[in-house]
Amino acid sequence: MATTPIDSRGTWNTKLGFVLAAAGSAVGLGNIWRFPTVMAENGGAAFLFIYVLLVFVIGYPVMVAELSIGRRTKKNPVGAFKALSSNKLFTLVGFWCVLCGVAILSFYVIIAGWTISYFFEQVFHYLGYFSLAEWVSNIENGWLNTAVAILFMSITISIILGGISQGIEKAVRFLMPLLVIIILILIVYVMFQPGAGAGVREYLVPDFSVINMELILAAMGQAFFSLSLGMGALITYGSYLNKRENIPEAAGYVTGFDVGIAFLAGMLIMPTIYMAQAEGLIIYDEAGSLVAGPALIFQVLPELFHEMGGLIGLIFGGTFFLLLTIAALTSSISLLEVPTSYVIDEHKVPRKKAALLIGGFITIISIFIAFDTSLIDDIDFIFSVVGLPLGGFLICIFLAYFWKTENAKLELAQGFENIDTNLFWPVWKVFIKYICPILIILILVSTIYSIF
Ligand code: PHE
């Protein structure tokens with residue numbers, strides 16, 4: 001059902017539009033690039049198990065918290081904290097959120113650029129231009145990385161310029177379902193390939209003895225990254241959310257959808273890694289650590305498509321990388337929307353100028369990363385693995401002890417009439433007040449302690 005925007009900031013036109021846009025933010029390189037890579041580094045199925053556990057125990061409650069803060073204040077993270085508490089400390093937390101967004105987007109555009117390069121790799125390979133295919137897929141080429149990152153950033157900015165329902169919502173409505181269909185078909189194909197069985201086993205049969213603090217931290221970082229939590233992306237998206245929507249229900253859909261896609265991506269990529277290994281590609285070194293690092297999926301997947309061969313290979317390979325670019329796009333727009341809405345709301349800069357300014361600034365940072373891709377792991381560790389859970393911790397503390405859960409309840413009750421009789425409320429309250437902040441800080445502190 002379409003409704004008119006209720007104020008000049010814009011709102012989502014339909015409930016499905018919001019769920020798809022938030023799911024679009026969640027589903028991205030985090031699911032298809034980051035999840036399989038981190039899992040391959042951290043013992044397969046055991047990682048999957050801890051990851052799913054943390055998604056529901058920490059991720060979902062924090063998502064409800066972010067959406068309710070956003071819808072209550074109709075503001076960006078900095079403005080939202082300011083509006084709900086006079087404590088200046090939380091303005092700093094808002095800035096931390098904005099900073100995480102800027103840092104994550106600066107490497108995100110590089111990986112997203114690779115998805116564009118590999119789309120062309122597939123095309124050139126099919127046409128028989130092998131040296132061109134090799135050139136375009138050289139992810140160590142700083143100039144090429146810069147060019148595709150700028151291309152990707154320009155598309156991101158152009159969608160942001162379109163505003164909320166026209167730009168973001170329209171794009172995701174049809175692209176998300178298409179992605180799911182392609183992944184499903186690819187999984188079926190991979191299952192029939194030699195070597196795939198070992199990958200499926202590694203993915204689904206957990207060896208709990210490999211669980212250690214580092215694995216748990218990695219899984220927590222992955223949960224926050226993948227659900228777009230801890231940096232106010234969902235505070236910002238919540239700020240465009242209609243008062244009639246049921247937040248816990250919408251958050252449930254988004255979480256379920258995100259985990260579902262990550263699971264499917266793992267189901268595609270783990271067997272593909274083993275297939276590639278069976279064919280002689282070196283994935284792990286003798287010490288058992290991953291050789292490819294962030295380039296993993298870009299090493300194994302093109303092999304899969306070349307293996308399919310001919311036009312079929314091109315159709316699947318080309319569409320896959322195209323859809324991956326699009327999935328990255330629906331996430332990068334949410335990453336850029338956070339600092340952009342901050343500049344619009346707090347400094348009264350027009351949307352167009354704000355998006356260009358911030359987008360341009362982030363592009364400049366990303367050029368450094370384009371020429372030294374080893375920076376990706378470090379920035380990712382500081383801002384995704386540590387930064388996002390830290391942001392999530394502070395959001396829980398803010399909601400529970402400064403804004404107060406009773407006020408959050410008034411916000412959540414809009415669109416959720418029977419909140420008083422529903423089990424959700426008492427359970428969520430305990431999670432947001434105690435379980436989530438304590439767990440996050442325990443995992444963060446004990447791992448960092450064990451590393452140093
Ligand atoms: N969740 C996105 C992905 O999986 C990345 C992201 C992180 C987006 C944080 C917004 C905020 O690719």
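Just so it is clear, the model here is predicted, and its values are computed rather than measured. For ligands, and for the atoms within them, numbers begin at 1 and follow the listed sequence.
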Contact table ligand 1 N or O to protein N or O, d under 3.5 Å:
unit_1: ligand 1; atom_1: 1 (N); unit_2: Ser25; atom_2: O; d: 3.2
unit_1: ligand 1; atom_1: 1 (N); unit_2: Ala26; atom_2: O; d: 3.0
unit_1: ligand 1; atom_1: 1 (N); unit_2: Phe225; atom_2: O; d: 2.7
unit_1: ligand 1; atom_1: 1 (N); unit_2: Ser226; atom_2: O; d: 3.1
unit_1: ligand 1; atom_1: 1 (N); unit_2: Ser228; atom_2: OG; d: 3.0
unit_1: ligand 1; atom_1: 4 (O); unit_2: Ala26; atom_2: O; d: 2.7
unit_1: ligand 1; atom_1: 4 (O); unit_2: Gly30; atom_2: N; d: 3.2
unit_1: ligand 1; atom_1: 12 (O); unit_2: Leu29; atom_2: N; d: 3.1
unit_1: ligand 1; atom_1: 12 (O); unit_2: Gly30; atom_2: N; d: 2.8
unit_1: ligand 1; atom_1: 12 (O); unit_2: Tyr108; atom_2: OH; d: 2.4

Do you know which two heavy atoms are closest between Thr363 and Gly359, and how far apart they sit?
OG1-O, 2.6 Å
Do the charged groups of Arg71 and Glu245 touch, with an N to O distance under 4.0 Å?
no
Any Lys/Arg nitrogen of Lys74 or Asp345 sitting under 4.0 Å from an Asp/Glu carboxylate oxygen of the other?
no
Go through the steps to decide whether Phe320 and Ile32 satisfy the test side-chain contact (heavy atoms from CB on, under 4.5 Å), and finish with yes or no.
CA-CA 11 Å; Phe320 181 85; Ile32 293 158; 3.8 Å; yes
Return a table of donor-acceptor pairs under 3.5 angstrom between the side chains of residues 42-67 and protein atoms on other chains or two or more places apart.
unit_1: Asn42; atom_1: ND2; unit_2: Val38; atom_2: O; d: 2.9
unit_1: Tyr60; atom_1: OH; unit_2: Pro248; atom_2: O; d: 2.8
unit_1: Glu66; atom_1: OE1; unit_2: Leu234; atom_2: N; d: 3.2
unit_1: Glu66; atom_1: OE1; unit_2: Ile235; atom_2: N; d: 3.3
unit_1: Glu66; atom_1: OE2; unit_2: Gly230; atom_2: N; d: 2.7

Under 6.0 Å from the OH atom of Tyr189, do we count more than 12 heavy atoms belonging to anything else shown?
yes
